[in-house]
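Working notes for the structure below.
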Protein chains: 2
Amino acid sequence: MTYLCKMYERKLPVELECGLHLFMEVINGKWKINLIWCIYKGIKRPGELHRQIPKASRRLLDTQLKQLVAQGIIVKTIFEQKPLKVEYELTAFGETLIPVIVVTAQWGETHRQILEPLLQSTTTTVK
Amino acid sequence: MTYLCKMYERKLPVELECGLHLFMEVINGKWKINLIWCIYKGIKRPGELHRQIPKASRRLLDTQLKQLVAQGIIVKTIFEQKPLKVEYELTAFGETLIPVIVVTAQWGETHRQILEPLLQSTTTTVK
DNA sequence: TCCGATACGGCTAAATTTAGCCCTACTTGA
DNA sequence: TCAAGTAGGGCTAAATTTAGCCGTATCGGA
């Protein structure tokens, strides 16, 4: 059972200097945090996750789930049942992310009133 | 003295639901953390910052500095001297980011040995 | 006067990430 | 037998971010 999986071949080097860059490499991706959080909260199956995060395209959720598996944050269990069933769970390593996410999320919530207006007008790329 | 500044017009909505998304909106950008950290450490002038982060192109550093100003994280002071001088400083709001950055950076450093190999091979976009 | 340093913007192309459509395969229930 | 739900990949195009080059202007020193 050969495993074929086309990956995007990076051309620019990944930044690994500072610890926050490491964190961001893991956490970056439009829905990864949501996925991690949902899985942490017990939403384990792909279908449930899709329904939980309806704004995300199914396609992207799937690829980001795959990335999280590759990064050792979650594990995927395939139950070889009659109606195929899949479940994701945080690894022990993935669990270590939770308190960090909590801290950053708290910062965001604390300053939401300041941030929301700024972020809606401002864009990431100022030219 | 009209201020003209071409901004990139976002077409997709910004995600603001969760606090971590708010945090990420601010922190995202290849060199923003480095900039924030350097400024926090007292490296205030554009030229110094460029020398401190030599891997970054001058162009991108400048635009990201501008973004941080627009986001209220830093302030830019222009000294109308004989040889023009500019300095950046963290705002009080920007200071609130520091402990959060410390936490995430610590997480990264703590797990560097696990992360480095994973992140170098794996790419963000699994296709 | 020419070189280097200060500080900055315009512009194009490359790299990367997301959106969104289509298709496969299997199972259950109507 | 058809519809719906399970899970997931291929593919293209759009959106977004970075890289990198060129040009402006001022000042100080050799």
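Every value quoted in this text rests on a predicted model; they were computed, and no experiment measured them. Only heavy atoms go into these numbers, but all of them, side chains included; no hydrogens, no water, no symmetry mates.
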Roughly, in whole Å, what's the span from CD in E48(B) to P in dT6(C)?
9 Å
Nearest-nucleotide pick for R10(B), side chain only, options being dT16(D), dG9(C), dG8(D):
dT16(D)
Which residue lies more 5' along DNA chain D, comparing R51(A) with P13(B) via nearest heavy atoms:
R51(A)
Over how many whole Å does the gap from E80(A) atom CD to dT6(D) atom C1' extend?
13 Å
Nucleotide nearest K66(B) when distance is taken to its side chain, options dA7(C), dG9(C), dA7(D):
dG9(C)
Value in whole Å for how far the P atom of dA14(D) lies from CD of E9(B)
19 Å
Could you encode protein contacts along nucleotides 19-30 of chain D as a string, one character per nucleotide from 5' to 3', using B for base contact, S for sugar-phosphate-only contact and - for no contact, with a heavy-atom cut-off of under 4.0 Å?
SBBB----SS--
Between K66(B) and D62(B), is there a salt bridge with N-O shorter than 4.0 Å?
no
Would you indicate, yes or no, if dT18(D) has its OP1 or OP2 atom less than 4.0 angstrom from a side-chain nitrogen or oxygen of Q64(B)?
yes
Mind checking salt bridge (charged side-chain N to carboxylate O under 4.0 Å, His left out) for E17(A) and listing every partner two or more places apart, or none if nothing turns up?
K55(B)
Contacts of R112(B) that satisfy side-chain hydrogen bond (donor to acceptor under 3.5 Å, both in side chains) - sequence neighbours left out
E109(B), E116(B)
Holding to side chain to side chain contact (heavy atoms under 4.5 Å, CB included), I want the full list of residues that pass it with C18(B), two or more places apart in sequence or in another chain.
L20(B), H21(B)
Whole-Å distance, I78(A) CD1 to dG8(D) P, equals 7 Å
Please state whether the phosphate of dT17(D), meaning OP1 or OP2, lies under 4.0 angstrom from any side-chain nitrogen or oxygen of Y8(B).
no
D62(A) CG to dC21(C) C1', straight-line distance once rounded to whole Å
15 Å
Using whole Å, what does the distance between atom C1' of nucleotide dA15(C) and atom CD of E15(A) come to?
14 Å
Would you indicate, yes or no, if dT18(D) has its OP1 or OP2 atom less than 4.0 angstrom from a side-chain nitrogen or oxygen of K32(B)?
no
Distance check: side-chain N/O of K44(A) vs OP1/OP2 of dA7(D), anything under 4.0 Å?
no
Could you list the residues that satisfy side-chain hydrogen bond (donor to acceptor under 3.5 Å, both in side chains) with K11(B), not counting sequence neighbours?
none
Rounded to whole angstroms, how far apart are CZ on R45(A) and C1' on dG5(D)?
10 Å
Of all residues at least two apart in sequence or in a different chain, which pass the salt bridge (charged side-chain N to carboxylate O under 4.0 Å, His left out) check with E48(A)?
none
Is the NZ or CZ atom of K85(A) positioned over F79(A)'s six-membered ring, under 6.0 angstrom from the centre and within 45° of the axis?
yes
Rounded to whole Å, CG of L49(A) lies from C1' of dT6(D) at a distance of 14 Å
